[in-house]
Amino acid sequence: MGQERLSAFIDAVIAIIMTILVLELDKPKTLDWQGLWELRENFFAYALSFFWLGAMWVNLHAFSHRTEKITQKTVWATVIMLFFASLFPYATSLIAMDFYNPTVQVFYGIIVLLITTATLSFYRTVSEVNPTDELQRLREQRNRWIKWDILLKLSGLICSATIFPIGTSLAVFITLCGFVIPNQFRK
């Protein structure tokens with residue numbers, strides 16, 4: 001399989017996942033501002049998940065664009081990453097149903113961490129067979145902040161499980177706004 005075909009597969013699956021996110025949004029009970037306001041947590045969960053997946057796609061695109069060779073390990077790392085990503089609309093819909101429920105927040109956090117881990121595996125397999133300076137530089141840039149990203153997500157998950165139900169969503173929001181999006185502009 002060529003790099004272009006794998007990239008097209010990633011693009012297609014992520015586009016479908018992002019589309020499913022919006023289809024999972026609840027309709028307001030009343031068609032007025034009050035009805036929309038009552039769905040604010042749904043919209044927040046949707047926006048958070050959409051932009052998190054969008055940032056993931058941007059990072060994957062930056063890596064894939066500089067990739068010449070892929071291996072079966074990369075293909076399988078991609079399949080695993082997309083499997084966990086395909087659970088994202090489901091986890092998001094659970095958050096939207098009961099935003100302050102610690103169980104669904106923890107489940108959402110587990111999905112986020114599984115996607116993050118699988119994505120890191122994808123980056124590793126690509127870097128193994130494409131040892132270019134440009135890819136190594138991208139990987140080093142990401143490695144500077146990824147430990148903090150994962151630590152914050154784990155902390156949010158623990159907070160959700162123990163004392164602060166929305167800790168996971170807050171941690172994902174902070175990592176998205178504090179690490180992921182700002183690093184897009186440093187490349």
Side-chain angles (χ1 to χ4, degrees), residues 1-22 45-92 108-157 168-187:
M1 179 184 302
Q3 176 274 332
E4 296 85 17
R5 186 162 179 184
L6 185 65
S7 291
F9 178 62
I10 292 169
D11 290 350
V13 173
I14 291 177
I16 291 166
I17 291 167
M18 292 171 95
T19 301
I20 292 170
L21 280 172
V22 76
Y46 163 74
L48 180 63
S49 295
F50 184 91
F51 284 107
W52 194 83
L53 282 170
M56 180 180 108
W57 177 80
V58 168
N59 284 322
L60 289 169
H61 178 72
F63 237 71
S64 296
H65 182 68
R66 294 164 176 85
T67 301
E68 294 178 20
K69 296 183 268 184
I70 61 167
T71 64
Q72 281 300 105
K73 285 170 54 174
T74 303
V75 173
W76 279 106
T78 302
V79 168
I80 292 167
M81 173 188 63
L82 293 174
F83 168 76
F84 291 129
S86 72
L87 292 170
F88 216 46
Y90 179 69
T92 302
Y108 184 82
I110 290 169
I111 298 301
V112 166
L113 287 169
L114 288 170
I115 296 168
T116 301
T117 303
T119 303
L120 291 173
S121 178
F122 168 84
Y123 291 143
R124 183 183 45 74
T125 65
V126 169
S127 295
E128 287 173 353
V129 295
N130 295 279
T132 65
D133 291 339
E134 195 173 12
L135 274 180
Q136 296 309 320
R137 190 181 83 260
L138 279 175
R139 193 170 178 206
E140 288 170 14
Q141 285 175 343
R142 188 191 59 257
N143 288 342
R144 282 188 209 120
W145 55 265
I146 197 68
K147 293 173 198 114
W148 293 107
D149 175 84
I150 291 171
L151 182 63
L152 191 54
K153 288 173 185 169
L154 279 170
S155 298
L157 191 144
T168 297
S169 290
L170 185 60
V172 171
F173 179 75
I174 291 169
T175 61
L176 181 63
C177 295
F179 297 120
V180 179
I181 292 174
N183 279 297
Q184 301 303 308
F185 298 102
R186 293 186 189 134
K187 293 180 180 169

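Being a predicted model, the structure only gives us computed values, none of them experimental. Every heavy atom of this structure was used, including side-chain atoms; hydrogens, water molecules and symmetry mates were not.
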Is any side-chain N of the basic residue among D149 and K153 closer than 4.0 Å to the acidic one's carboxylate O?
->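 A salt bridge links D149 with K153.
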What's the verdict on side-chain contact (heavy atoms from CB on, under 4.5 Å) for L60 and I14, showing C-alpha distance, side-chain angles and the deciding distance?
-> CA-CA 11 Å; L60 289 169; I14 291 177; 3.9 Å; yes
Would you say [X] and [Y] make side-chain contact, with heavy atoms under 4.5 Å?
X: T125; Y: V129; result: no
X: F83; Y: L114; result: no
X: V79; Y: W76; result: yes

Angle class for the W52/F88 ring planes (parallel below 30°, perpendicular above 60°, tilted otherwise)?
-> tilted
Check each of T116, V112, T117 against I150 using the side chain to side chain contact (heavy atoms under 4.5 Å, CB included) test, and report the only one that passes.
-> T116
Euclidean distance, [Y] [atom2] relative to [X] [atom1], rounded to 0.5 Å:
X: E128; Y: T71; atom1: CD; atom2: OG1; value: 7.0 Å
X: L151; Y: W148; atom1: CG; atom2: CH2; value: 6.5 Å
X: T67; Y: L6; atom1: OG1; atom2: CG; value: 9.0 Å
X: L53; Y: L48; atom1: CG; atom2: CG; value: 9.5 Å
X: L87; Y: I111; atom1: CG; atom2: CD1; value: 4.5 Å
X: H65; Y: E134; atom1: NE2; atom2: CD; value: 7.5 Å

side-chain hydrogen bond (donor to acceptor under 3.5 Å, both in side chains) with T92: which residues, sequence neighbours excluded?
->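 Scan of T92 (side-chain hydrogen bond (donor to acceptor under 3.5 Å, both in side chains), adjacent residues dropped) gives S49.
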Residue list, side-chain hydrogen bond (donor to acceptor under 3.5 Å, both in side chains) with S127, at least two apart or on another chain = none
On a heavy-atom basis, which atom in [X] and which in [Y] lie closest, and how many Å separate them?
X: A85; Y: M56; result: CB-CE, 4.3 Å
X: L176; Y: A55; result: CD1-CB, 3.9 Å
X: I20; Y: P89; result: CG2-CB, 3.5 Å

Checking T175 side chain against V172 main chain: does a donor-acceptor pair fall under 3.5 Å?
->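 Pair found, side chain donor or acceptor close to backbone of V172.
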For H61, does its backbone N or O pair with a side-chain atom of S64 as donor and acceptor, under 3.5 Å?
-> no
Stepwise side-chain contact (heavy atoms from CB on, under 4.5 Å) test for N59 and Y123 | CA-CA 10 Å; N59 284 322; Y123 291 143; 3.0 Å; yes
